[in-house]
Amino acid sequence: MTWLVRTLCLNVSAEDAEDGAAPEQSQVNIESAGSLSDGQQTANGANAKGKVHAFSPSSISASHADELRLTFPVRDGVVLEPFRLEHNLAVSNHVFHLRPTVHQTLMWRSDLELQFKCYHHEDRQMNTNWPASVQVSVNATPLTIERGDNKTSHKPLHLKHVCQPGRNTIQITVTACCCSHLFVLQLVHRPSVRSVLQGLLKKRLLPAEHCITKIKRNFSSVAATSGNASLNGEDGVEQTAIKVSLKCPITFRRIQLPARGHDCKHVQCFDLESYLQLNCERGTWRCPVCNKTALLEGLEVDQYMWGILNAIQNSEFEEVTIDPTCSWRPVPIKSEIHIKDDPDGMPSKRFKTMSPSQMIMPNQNIKNVRKANQKTCGVTQKKEIWYLTSMYYMNDK
């Protein structure tokens, strides 16, 4: 049998932020995974600013452990370099070592994991792909490989729950040749979607004035290419406008936290949480609107569109029109003739055009945002929401 031995020398402070780190730190400033060569020490390079109290692994609740998580490789975090199995070798053992302090840190930190995966040697993206003939056990504990319904739904194995301080053995058993595939063991950072969402809201909230500048630039570029002059309507509002959907192009549900990639030129946003969830398994990180690369560190929360979403709680509206001055008004799903006023809700017969200066811009409190976006208009609408948004609606008197 073939034996591969590697020692993991990891000094991650147990006080480092577990998953409240900002997205930049999610990429992981855990340099503590630095050197993986035998006997070589690594510096404590965990630079996360946030601190949490150390906690016992047994205190991790099932709901906390099962929540959706993103996956990022740790710098110099490869434990077993990519390797092939020897031809026609049915069983092979691959050994690595964990220092007691390293093992303790891995167990304490729910956002750190040892990931073992298999991928085709021609796949530059290293997407997980397990041959049907492969079986894996760690320290004599058989592991279940999730292959899903097709090759794109294969999932890597997470090993820390079966690892122990000191010597650890990965045993790979095959019933057919797998020379076309490579195996790798690496340390990965797995922050929860919730924590990344909070970090992005704190670090990547694009102020409304910057969003407005982007939109006006969008109008300027369109005007330059088309050369069409704009016309004024009966109410004096510029008719040249763009329609923007309030629904996420990923889920087709109402956007809660609007976001775009930094390089995206369009006004249309997607729901940030839905986008993060989409990239949990296979991080393609492409904008669902324009298909441009929209990496985590380049995502921006649009405060202007967020303000519009907060102002329109009425489910009768799924789109808004925005003019070159960045004034906006909602587009009813049905024609206004058929819309009746709800005596207990907001008058929806007419909605006047709203300028940016009249808007109330939301803050960075994600909890308040979710609560507000989950409320609906009409009979069940809360009085405080009615008070907040009624200033935007006008009775047809």
Side-chain angles (χ1 to χ4, degrees), residues 19 23 26 66-72 125 127-128 146 148-155 190-206 211 214-215 218 242-322 328 330-331 333 362 364 366-367 369-376:
D19 34 27
S26 295
D66 293 340
E67 63 183 330
L68 287 174
R69 293 181 177 273
L70 294 157
T71 302
F72 304 102
Q125 300 298 320
N127 292 313
T128 305
E146 293 186 42
D149 298 328
N150 51 63
K151 292 182 179 180
T152 62
S153 57
H154 291 203
K155 295 183 179 180
R190 302 191 73 229
S192 66
V193 168
R194 169 186 52 81
S195 67
V196 174
L197 191 72
Q198 292 170 342
L200 286 171
L201 185 57
K202 181 179 180 180
K203 298 285 187 178
R204 302 293 297 176
L205 179 63
L206 191 65
C211 303
K214 272 195 168 187
I215 295 173
N218 181 285
I242 55 175
K243 273 189 179 182
V244 179
S245 175
L246 303 180
K247 287 189 173 183
C248 174
I250 300 171
T251 62
F252 302 104
R253 297 176 182 175
R254 178 66 70 99
I255 295 172
Q256 291 192 15
L257 197 59
R260 280 187 306 269
H262 176 73
D263 295 328
C264 294
K265 305 300 182 185
H266 48 82
V267 180
Q268 180 65 52
C269 294
F270 49 77
D271 181 67
L272 181 57
E273 185 169 9
S274 299
Y275 184 69
L276 295 178
Q277 291 173 352
L278 182 67
N279 286 280
C280 277
E281 295 302 331
R282 266 178 185 249
T284 54
W285 299 103
R286 287 196 171 275
C287 173
V289 178
C290 64
N291 204 37
K292 284 186 178 180
T293 299
L295 299 177
L296 180 68
E297 60 270 23
L299 297 179
E300 296 174 342
V301 178
D302 189 317
Q303 190 184 35
Y304 171 74
M305 284 302 302
W306 192 7
I308 292 176
L309 285 160
N310 276 7
I312 306 176
Q313 298 294 325
N314 199 323
S315 59
E316 291 173 355
F317 304 113
E318 294 183 351
E319 292 179 320
V320 294
T321 57
I322 303 175
W328 59 273
V331 179
I333 299 175
Q364 298 178 0
I366 188 67
K367 292 182 180 179
V369 173
R370 286 187 173 178
K371 288 179 181 178
N373 283 330
Q374 287 171 356
K375 295 178 183 179
T376 58

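Here the side chain of N279 pairs a donor or acceptor atom with the backbone of T284 at under 3.5 angstrom. No donor-acceptor distance shorter than 3.5 angstrom exists from the side chain of S195 to the backbone of P191, with no hydrogens or angles considered. Remark: the backbone N or O of S245 is paired with a side-chain donor or acceptor of Q268 at under 3.5 angstrom. Under a 3.5 Å cut-off, the side chain of R190 and the backbone N or O of T71 do not form any donor-acceptor pair. Judged by distance alone, with hydrogens and angles left aside, the side-chain atoms of Y304 form no donor-acceptor pair with the main-chain N or O of I215 at under 3.5 Å.
Taking both residues in full, the closest heavy atoms of P362 and N310 are given as CB-ND2, 3.4 Å, listed atom of the first, atom of the second, then distance. Across P249 and C269, no two heavy atoms sit closer than the pair CD-O, 3.6 Å. What you find for N218 and H266 is that their closest heavy atoms are ND2-CA, 4.2 Å. What you find for K214 and C264 is that their closest heavy atoms are NZ-O, 4.4 Å. For A294 against L299, the heavy-atom pair with the smallest separation is O-CD2, 3.8 Å. Heavy atoms only, all atoms of each residue included: S192 and R69 are closest at N-NH1, 3.5 Å.
Atom CD of Q256 sits about 10.5 Å away from atom CG of L272, to the nearest 0.5 Å. Interatomic distance, I312 CD1 to R254 CZ, rounded to the nearest 0.5 Å: 6.5 Å. Considering CG of D271 and CG of L276, their distance stands at 9.0 Å, rounded to 0.5 Å. Taking CZ of R286 as the reference point, atom NZ of K292 lies at 11.0 Å (rounded to 0.5 Å). With rounding to the nearest 0.5 Å, the separation of CD1 in I308 from CD1 in I322 is 4.5 Å. The SG atom of C248 sits 11.0 Å away from atom CG of L257, with the distance rounded to the nearest 0.5 Å.
V193 has its side chain within reach of E273: a pair of non-hydrogen atoms, C-beta onward, lies under 4.5 Å apart. Put simply, the side chain of I255 does not reach to within 4.5 Å of the side chain of L246, judged on heavy atoms. Looking only at side-chain heavy atoms (C-beta outward), Q198 and K202 stay at 4.5 Å or farther from each other. Between L68 and Q277, the closest side-chain pair of non-hydrogen atoms falls below 4.5 Å.
Aromatic ring orientation, Y275 versus W285: perpendicular (interplanar angle above 60°, classes split at 30° and 60°).
The environment of CD in E146 is sparse: at most 12 heavy-atom neighbours from other residues, nucleotides or ligands sit within 6.0 Å.
Sorted by first and then second residue, the salt bridge (Lys or Arg N to Asp or Glu O under 4.0 Å) pairs involving residues 255-270 (not counting sequence neighbours) are R260-D302.
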